[in-house]
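Heads up: the structure comes next, in structure tokens.
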Amino acid sequence: MSLELYSYWRSSASYRVRIALNLKSLPYAYHGVNLVKDGGDQWSVAYKEVNPQSRVPTLVHDGQRFTQSLAIIEYLDETFPGNRLIPQNPVDRARVRMLSQIIACDIQPLQNTSTTRYLTDNLRLDEAGVTAWLREWITRGLDAYNSHVERDAVHGKFSHGDTPTMADCCLVPQMFAAQRVGIEPTRFPRLALIWENCNHMPAFAAAHPAKQIDAP
């Protein structure tokens, strides 16, 4: 088995995949891709050969390349079924995917680096304007997620029961991103509890941005 992850330490999408790999106790080689330096590693010819979309994460498994964090996590769950991250029951599986997509599909595109650069470079928003944008869309998405976990008749320490799922792999990085723009976790009481439970687990702690080899 050979697993390689192309990642940026602060990327929410990369953070999700690092959590999933750790929850499954899968060793992997880490390749840092600096998204914010002048020129950006993601635009290099070498990295475009790895990922033509010039984004992170990219997972390489025995020569096969996979992009998009949720697709990668589903691939890992199907290929390495220990410590399942996606339930087998259709109803439970759909709920975990729904929660995951609130973050990966509704929030993430509005907060990623390419979006914020467009806001500053093309729409001429200043730092305060970009921060207001981020707070608005992150708050809307997390409010929806929090409403689901408070309303749905699924209880436990995590987003879906008493074991972490793909939804928690998405939630923890999003809570980290929310804190970075001044949104306090206590605004979302149920999510704050889940976040705390996750962060007590070594798999989540080891995936934290500050623990990565490319962190400043």
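For reference, positions follow the sequence shown, starting with 1.
- For R65 (side chain) and N51 (main-chain N/O), no donor-acceptor pair under 3.5 Å exists by modelled atom type.
- For the atom pair NE2 of H31 and CG of D214, the computed distance is 12.0 Å after rounding to the nearest 0.5 Å.
- Considering only residues two or more places apart in sequence or on other chains, Y75 meets the ring-ring contact (aromatic ring centres under 6.0 Å, His included) condition with H61, F66.
- Of the possible polar contacts, none joining the S69 side chain to the V17 backbone as a donor-acceptor pair under 3.5 Å is found.
- The distance from atom CH2 of W137 to atom CG of D106, rounded to the nearest 0.5 Å, is 10.0 Å.
- In this structure, CG on D152 lies 7.0 Å from CG on L99, to the nearest 0.5 angstrom.
- M98 is connected to L171 through a chain of hydrophobic side-chain contacts under 4.5 Å among Ile, Leu, Val, Met, Phe, Trp and Tyr, so both are in one cluster.
- The shortest non-hydrogen separation linking Q108 to A13 is OE1-N, 4.4 Å.
- Not a single donor-acceptor pair under 3.5 Å links the side chain of R97 to the backbone N or O of I86.
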If you apply the rule side chain to side chain contact (heavy atoms under 4.5 Å, CB included), what do you find for V172 with Y15, and how did you get there? CA-CA 9 Å; V172 167; Y15 192 174; 3.6 Å; yes
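- Checking side-chain atoms of K24 against main-chain N and O of F80 turns up a donor-acceptor pair under 3.5 Å.
- When I73, L76, D168 are each tested for a side chain to side chain contact (heavy atoms under 4.5 Å, CB included) with L85, only one passes: I73.
- Not counting sequence neighbours, T113 has no partner by the side-chain hydrogen bond (donor to acceptor under 3.5 Å, both in side chains) test.
- Heavy-atom minimum distance, L23 versus C169: CD1-SG, 4.0 Å.
- C170 contributes atom SG, which lies 9.0 Å from atom CD of Q174 (distance to the nearest 0.5 angstrom).
- Remark: side-chain polar atoms of S54 are paired, donor with acceptor, to backbone N or O of Q42 under 3.5 angstrom.
- Side chain of T120 to main chain of R117: a donor-acceptor pair is present (N/O by atom type, distance under 3.5 Å, no hydrogens or angles).
- Remark: I194 CD1 to K157 NZ distance equals 12.0 Å, nearest 0.5 Å.
- Cluster annotation: V154 and I102 are assigned to distinct hydrophobic clusters (Ile/Leu/Val/Met/Phe/Trp/Tyr, side-chain heavy-atom contacts under 4.5 Å, transitive).
- Taking S114 as the reference, R55, N112 meet the side chain to side chain contact (heavy atoms under 4.5 Å, CB included) condition, with sequence neighbours excluded.
- Under the 4.5 Å side-chain contact rule for hydrophobic residues, V56 and V36 share a cluster.
- Donor-acceptor pairing under 3.5 Å is lacking for the side chains of Q111 and R180.
- For P87, the side chain to side chain contact (heavy atoms under 4.5 Å, CB included) criterion is met by D92, V96, H160, not counting sequence neighbours.
- D41 places no side-chain N or O within 3.5 Å of a backbone atom of V33 that could act as its donor or acceptor partner.
- Hydrophobic clustering, with ILVMFWY side chains joined whenever heavy atoms are under 4.5 angstrom apart, groups L134 together with L123.
- With values rounded to the nearest 0.5 angstrom, S12 atom OG is found 8.0 Å from I138 atom CD1.
- For the pair F188 and I183, the tightest heavy-atom approach, listed with the atom from each and the gap, is CE1-CG2, 3.7 Å.
- Remark: side-chain polar atoms of Q64 are not paired, donor with acceptor, to backbone N or O of V60 under 3.5 angstrom.
- Residues passing the side-chain hydrogen bond (donor to acceptor under 3.5 Å, both in side chains) test with Y145, sequence neighbours excluded: S159.
- By the side chain to side chain contact (heavy atoms under 4.5 Å, CB included) test, E196 is found to be paired with H200, residues two or more places apart in sequence or in another chain being considered.
- Closest heavy-atom contact between T58 and Y47: OG1-OH, 2.9 Å.
- L35 and W43 fall into different hydrophobic clusters, where Ile, Leu, Val, Met, Phe, Trp and Tyr are joined by side-chain heavy atoms under 4.5 Å apart, directly or via other members.
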